[in-house]
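Since the structure comes first, as structure tokens, the remarks are kept for the end.
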Amino acid sequence: MMGPDPKILDDIAKVAGGAVNIFSGLQQQIRDEIKSRMDDMAAKMDLVPREDLERAELMITKLRSRVDDLEKRMDALDKGGKKTAAKKAPAKKAPAKKAAAKKKPAAKKKAATQKAKK
């Protein structure tokens, strides 16, 4: 008995190698086609690429931090303003006393008017 012809085995190996190359090329084409269709669908659905989303999240984080810092500064200024206003408050009461003094003559006039009517 004779074994298989080595030339036939070489031919089969070449055909199998060619088939593997064809299938691997076909696999890459299929992947590229799927990716292309997915990109088209994403564009139609107004989806955002991951990189853009990550950039936006980073900007939002920085802005949130800045807003927090500014709010703290505003609170500090408000507290400082209240302390200053508390110190100035007695000075404002003095004119109020003058206003009360001005009202007394009006009260006296009113009392005098009431006496005159009697």
Side-chain angles (χ1 to χ4, degrees):
M1 277 201 166
M2 290 180 53
D5 187 11
K7 189 170 184 171
I8 291 176
L9 292 175
D10 286 341
D11 289 342
I12 291 174
K14 285 180 184 177
V15 169
V20 168
N21 287 337
I22 288 172
F23 284 122
S24 112
L26 184 60
Q27 182 183 18
Q28 187 60 41
Q29 286 178 342
I30 290 171
R31 286 183 185 187
D32 290 344
E33 184 64 26
I34 290 172
K35 185 179 182 322
S36 174
R37 289 186 187 231
M38 293 296 287
D39 289 344
D40 289 344
M41 284 178 29
K44 287 179 185 175
M45 295 172 65
D46 290 331
L47 299 179
V48 178
R50 165 88 40 211
E51 296 82 22
D52 292 350
L53 178 64
E54 289 172 352
R55 251 185 268 127
E57 287 175 338
L58 182 63
M59 288 172 54
I60 290 169
T61 302
K62 286 180 180 179
L63 286 173
R64 183 75 242 160
S65 174
R66 182 133 190 235
V67 166
D68 290 343
D69 291 343
L70 290 172
E71 285 176 345
K72 288 177 186 175
R73 289 176 60 191
M74 285 178 56
D75 288 343
L77 289 173
D78 285 346
K79 288 178 184 176
K82 288 179 184 176
K83 289 178 184 176
T84 305
K87 290 179 183 177
K88 291 182 180 179
K92 289 182 180 180
K93 288 182 182 178
K97 289 179 183 176
K98 289 180 183 177
K102 289 180 182 178
K103 288 182 181 179
K104 288 182 182 177
K108 287 181 183 179
K109 286 182 185 178
K110 188 175 182 182
T113 309
Q114 287 177 352
K115 285 182 183 179
K117 286 183 183 179
K118 289 183 182 181

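From a predicted model like this one, the values you see are computed outputs, not experimental measurements. Values below: all heavy atoms of this structure, side chains included; hydrogens, waters and symmetry mates excluded.
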- Note on the structure: The reported gap from CG in L63 to CG in L58 (rounded to nearest 0.5 angstrom) is 9.5 Å
- Query: Hey, any chance M38 and I30 share a hydrophobic cluster, counting ILVMFWY side chains that come within less than 4.5 Å of each other, even indirectly?
  - Reply: yes
- Message: What's the separation between atom CG in D78 and atom CZ in R73, rounded to the nearest 0.5 Å?
- Response: 12.5 Å
- Locate the shortest heavy-atom distance separating V48 from L53; write the atom from each residue and the value. CG1-N, 4.0 Å
- salt bridge (Lys or Arg N to Asp or Glu O under 4.0 Å) with K35: which residues, sequence neighbours excluded? D39
- Query: Given D68, which of R64, K72, R66 fulfils the side chain to side chain donor-acceptor pair (under 3.5 Å) condition?
  - Reply: R64
- Task: Report the distance from atom CG of D52 to atom CG of L47, rounding to the nearest 0.5 Å.
- Result: 12.0 Å
- Item | Salt bridge present between R55 and E51 (N-O < 4.0 angstrom) | no
- Query: Hey, are the side chains of I34 and R31 touching, using non-hydrogen atoms and a 4.5 Å cut-off?
  - Reply: no
- Query: If you measure from CZ on R50 to CD on E57, what distance do you get to the nearest 0.5 Å?
  - Reply: 7.5 Å
- Item | From OG (S24) to CD (Q29), nearest 0.5 Å | 10.0 Å
